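All of these numbers come straight from a predicted model, not from anything done at the bench. Here is how names work: the chains are called A, B, and so on, in the same order as the sequence lines, proteins then strands, and each is numbered from 1.
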There are 2 protein chains.
Amino acid sequence: MRRATIADVAREAGVSPSTASVVFSGKTPVSEATRGRVLAAAASLGYTGPDPRAASLRRGRSGIVGVVFEEYLGAAFLDPVKTLMMDGLADGVAPLGAGLLLLRDDIAGSGASLTTAPLDAAVLIGCSGHLRASLDVVRARGIPVVVVEGDAGDDVPRIGLDNREAQRQAASHVCTLGHRRVAVVALPLSGGWERGWMPDDARITVDVTRERLAGAREVFPDARVWAAAGSFIAEGLEAGRALFADEAERPTAVLAQSDLLAAGVIRAAEEAGLRVPEDVSVTGFDGIAVDGLAPYELTTLHQPAAEKGRAAGRAVTAMIEGGQAASIQFTCTFREGNTTGPRPGEPGAAR
Amino acid sequence: MRRATIADVAREAGVSPSTASVVFSGKTPVSEATRGRVLAAAASLGYTGPDPRAASLRRGRSGIVGVVFEEYLGAAFLDPVKTLMMDGLADGVAPLGAGLLLLRDDIAGSGASLTTAPLDAAVLIGCSGHLRASLDVVRARGIPVVVVEGDAGDDVPRIGLDNREAQRQAASHVCTLGHRRVAVVALPLSGGWERGWMPDDARITVDVTRERLAGAREVFPDARVWAAAGSFIAEGLEAGRALFADEAERPTAVLAQSDLLAAGVIRAAEEAGLRVPEDVSVTGFDGIAVDGLAPYELTTLHQPAAEKGRAAGRAVTAMIEGGQAASIQFTCTFREGNTTGPRPGEPGAAR
DNA sequence: TTGTACGCGTTATCAG
DNA sequence: CTGATAACGCGTACAA
């Protein structure tokens, strides 16, 4: 037995299909009487509304926005910043009445792919090389696309962040406090997951990492850099242990490229018997609330993550509706917490 | 200028539309020669493959599985268990080549809704009352549905967990260690976000909370219960402070209903100058790796979260393909860490 | 306010 | 291996 279609409903109600259609879409006024008859007929046939597949073919829209991650889906949501961004994105596409379809950017994968999903638009997240291929696929399909935190060509709107300037600001703050021996704990340098001291000739393929590092280097050109394998507290802990292992080389301030890393570094400091910020200052990046870090309040750069998502959503909305979307650069705001202080031994330093 | 359709390609290649279609779908052998001609024609016209909307109308499938959360989307991914489940789910639907569409269960919301998204199936996550309404919508549409960690009717396959038995096991372990004054830190009792001591007459609408509590009560019928407002370390910290505030009433063991809560409780214990497990034992639930909790290793119940997701995926896959899917009950495995020990003062207790 | 007519772009089916 | 045919279920000019 077939499912009822709108034609069945119309017949049952004694009206034409178009009238029935209009009752459901509300695009045209319908008399209360016919409206009632149609609804009743629908109910009696168990018709629950237009088939989305047919509707989307007819209108040329699916109501679906693809969100493309460069990593395993689960990993994407381990990062609070991405989580917040998703929230914002959900908001941003709400006017479209669109839903978010999770996609990975491994083209080969057997799952739903960029090539076959009924997308109205796509949002690419991240910065790796892979992204390039995804971008080509989407553009070939003629689907509007926006890139967040990544480098696409000129004609693709990007939602960005002043990573470099922001990190420079933090570095400068630390410099003002008198610190000279400073280390950087960086996010991953590339798609791989290597961890360790960064060699001088390292190639950094991840935009965010590169930009933030450049910002730090503007103030501390010679800072040693430890590259983490991901943005996790545990990674920060590992980094911190390496940083604090050698008494002689021990930095008096650490610039971490994410709040989670910073939290780990602080934990490592405690472990090593160092007080924060009396013995060592630590800065983060992102301005998220790190669960369970209290009573510390990180000195950090607050980035408008949800706002970024919202902007991405608005951008694709605009493009879907035939408009142009411009690239947007967001700026971080510096927030001084209680994890940075004067260099030990500096005038004004505690003890 | 219109986008090219498969008909255009066929004409350009001098074959029939059906042949062109077959070249792209691969459902039928095609001679190498025509195949080449079609592909060439497609390339020259900038045709990138069948329109998913039309294809899905014709085939009656969209390749999209909806995942319905009962909370704000961002919040869903704050929970590592759900994150893991999503991973498993992604795996589980891979054979379908389906993508996951994120959906919230507030029917009224302006976003893409259960009622209009082109879904092949839906997976409902959670346990609140809201879910009921979502369930009705989906079933009215005749869409296969599976419920994870929630109570649907009998004829809806559920992916469940032996919450009660598992928690009983942990309680029993703690009891064996000699503890008698035990407190429970519970997950939220209902959709609201109240936090505090649970009154005797509290109504618990969240299945997971109720079941785990029942398990604890089998061993410790009189345990005091603090209800957290969510599964976060910070909530556990808050709970712990309340638990340890009153010296006289202070429990010697705490059964937390999630690992994150347990981590917070441990932090609170440290704060109060209590050693874990010498002064107070703590158990968790979930068996996730809590970022940055080292060197503690929680005594906890490990639940196969990813496996649950995979099962849900397989279930909807089966249903989409016309089969039946049975409910599945997963079991937790008890894992003894270093956060539980003999009751202070017990023979064999440290110091 | 309602009905008529048509096409959106594909793909199953079945005959050659 | 290829081609003709017929839906899939709906939205929307346009006319009445």
Would you say [N] has OP1 or OP2 under 4.0 Å from some side-chain N or O of [X]?
X: B/Ser16; N: D/dT2; result: no
X: B/Thr19; N: D/dC1; result: no
X: A/Thr5; N: D/dC10; result: yes

Taking atom [atom2] of [N] as reference, at what distance in whole Å does atom [atom1] of [X] sit?
X: B/Leu57; N: D/dG11; atom1: CG; atom2: P; value: 11 Å
X: A/Arg61; N: D/dG11; atom1: CZ; atom2: C1'; value: 14 Å
X: A/Arg3; N: D/dG9; atom1: CZ; atom2: C1'; value: 12 Å
X: A/Phe24; N: D/dG11; atom1: CZ; atom2: C1'; value: 14 Å
X: A/Arg59; N: D/dA13; atom1: CZ; atom2: P; value: 12 Å

**Report entry** Boundaries of the DNA chain C segment in contact with chain B, non-hydrogen, under 4.0 Å
**Finding:** C/dG9 to C/dA12
Query - 5' precedence on DNA chain D between B/Arg58 and B/Arg35 (nearest-nucleotide basis) - result: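 Result of the comparison: B/Arg35.
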**Report entry** B/Gly14 or A/Lys27, whichever maps to the more 5' nucleotide of DNA chain D
**Finding:**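 It is B/Gly14 whose nearest nucleotide is closer to the 5' end.
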Base, sugar-phosphate alone, or nothing: which one does [X] contact when heavy atoms must sit under 4.0 Å apart?
X: A/Val22; value: nothing
X: A/Thr34; value: sugar-phosphate
X: B/Ser31; value: sugar-phosphate
X: A/Pro29; value: sugar-phosphate

Is [X] salt-bridged to [Y], going by a charged N under 4.0 Å from an acidic O?
X: A/Asp120; Y: B/Arg53; result: yes
X: A/Arg139; Y: A/Asp155; result: yes
X: A/Glu149; Y: A/Lys308; result: yes
X: B/Glu307; Y: B/Arg314; result: yes

Requested in this report: Identify which one of A/Asp136, A/Val137, A/Ile143 satisfies the side-chain contact (heavy atoms from CB on, under 4.5 Å) criterion when paired with A/Leu114.
Outcome: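 Answer after filtering A/Asp136, A/Val137, A/Ile143: A/Val137.
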Report task. Kindly point out which of D/dT2, D/dT5, D/dG9 is positioned nearest to the side chain of B/Ser18? Result ->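 Of D/dT2, D/dT5, D/dG9, D/dT5 is nearest to the side chain of B/Ser18.
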Query raised in the report: Counting heavy atoms not belonging to B/Glu321, are there more than 12 under 6.0 Å from its CD?
Result: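 Counting other residues, nucleotides and ligands, CD of B/Glu321 exceeds 12 neighbours.
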Query raised in the report: Which heavy-atom pair separates A/Ala325 from A/Pro157 by the least distance, and what is that distance?
Result: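 Closest heavy-atom pair between A/Ala325 and A/Pro157: O-CG, 3.4 Å.
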